[in-house]
Visitor: 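Got a structure for you, written out below as structure tokens; questions coming shortly.
Within every chain, numbering begins at 1; the chains are lettered A, B, ... in the order of the sequence lines, protein sequences first and strands thereafter.
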There are 2 protein chains.
Amino acid sequence: MKAKVYVTLKNGVLDPQGKAIGHALGSLGFAGVEDVRQGKYLEITLAETDPAKAREAVEKMCAQLLANTVIENFRVEI
Amino acid sequence: MKAKVYVTLKNGVLDPQGKAIGHALGSLGFAGVEDVRQGKYLEITLAETDPAKAREAVEKMCAQLLANTVIENFRVEI
């Protein structure tokens, strides 16, 4: 079973990497880019076959390792 | 208008970062993690209001800057 995890910075947390990408896009001639926020995307292949249990396990993984919940949000899709 | 971009490594391209995450999850006691692949997730806020034009612009940005199309795939959601 495959789980998809999206980790994003919370609103209000500065994102220098996103800002740098935004500036780089501007330098390349892309007008109209107002903001860029960079996050992480993870695909986790699990042996678990029950969707509810898989989601629970992945949410635990996020809270413990994959996301820094002080400054980041995460979303899990099974 | 907000565009979401997912950049993932192509199949067959080694992903040491994903491997490291998989090992770390194993060390933390999460059993049954078969594979982890790490990608990037970007949220781009655009001034453009036409979805078709916005998609076209973001796909150009991916090809030119956001993804290395030799080893990475990208997917755009508007």
Visitor: Start with the C-alpha gap between Lys40(B) and Lys40(A), add the side-chain angles, then the distance that decides, and say whether side chain to side chain contact (heavy atoms under 4.5 Å, CB included) holds.
Guide: CA-CA 5 Å; Lys40(B) 281 176 282 183; Lys40(A) 280 177 283 184; over 6 Å; no

Visitor: Which hydrophobic side chains are connected to Tyr6(A), either touching it within the sub-4.5 Å cutoff or through other members that do?
Guide: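 Listed partners: Tyr41(A), Tyr6(B), Tyr41(B).
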
Visitor: Between CG of Leu42(A) and CG of Asp15(B), what distance do you get to the nearest 0.5 Å?
Guide: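 Reported to 0.5 Å precision, the distance equals 9.0 Å.
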
Visitor: So if you build clusters from Ile, Leu, Val, Met, Phe, Trp, Tyr with side-chain heavy-atom gaps below 4.5 Å, do Phe74(B) and Val13(B) land together?
Guide: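 No, separate clusters.
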
Visitor: Going by residue number, which parts of residues 53-66 of chain A are within reach of chain B, meaning a heavy-atom gap below 4.5 Å?
Guide: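 The stretch touches chain B at Ala57(A), Lys60(A), Met61(A), Gln64(A), Leu65(A), Leu66(A).
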
Visitor: Starting at CG of Asp35(A), measure out to CD of Glu43(B) and round the result to the nearest 0.5 Å.
Guide: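 One gets 9.0 Å once the value is rounded to the nearest 0.5 Å.
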
Visitor: With respect to chain A, which residue among Leu46(B), Thr45(B), Val5(B), Val7(B) yields the maximal number of heavy-atom pairs within a distance under 4.5 Å?
Guide: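 The answer is Thr45(B).
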
Visitor: Answer yes if Leu9(B) and Val70(B) sit in the same cluster of Ile, Leu, Val, Met, Phe, Trp and Tyr residues linked by side chain heavy atoms under 4.5 Å apart, and no otherwise.
Guide: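 Yes, one cluster joins them.
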
Visitor: Answer yes or no: are there more than 12 heavy-atom neighbours, outside Lys10(A) itself, under 6.0 Å from its atom NZ?
Guide: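 For Lys10(A), atom NZ is crowded (more than 12 foreign heavy atoms under 6.0 Å).
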
Visitor: How many angstroms lie between atom CD of Glu34(B) and atom CD of Glu48(A), to the nearest 0.5 angstrom?
Guide: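 Spacing of CD (Glu34(B)) from CD (Glu48(A)) equals 10.5 Å.
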
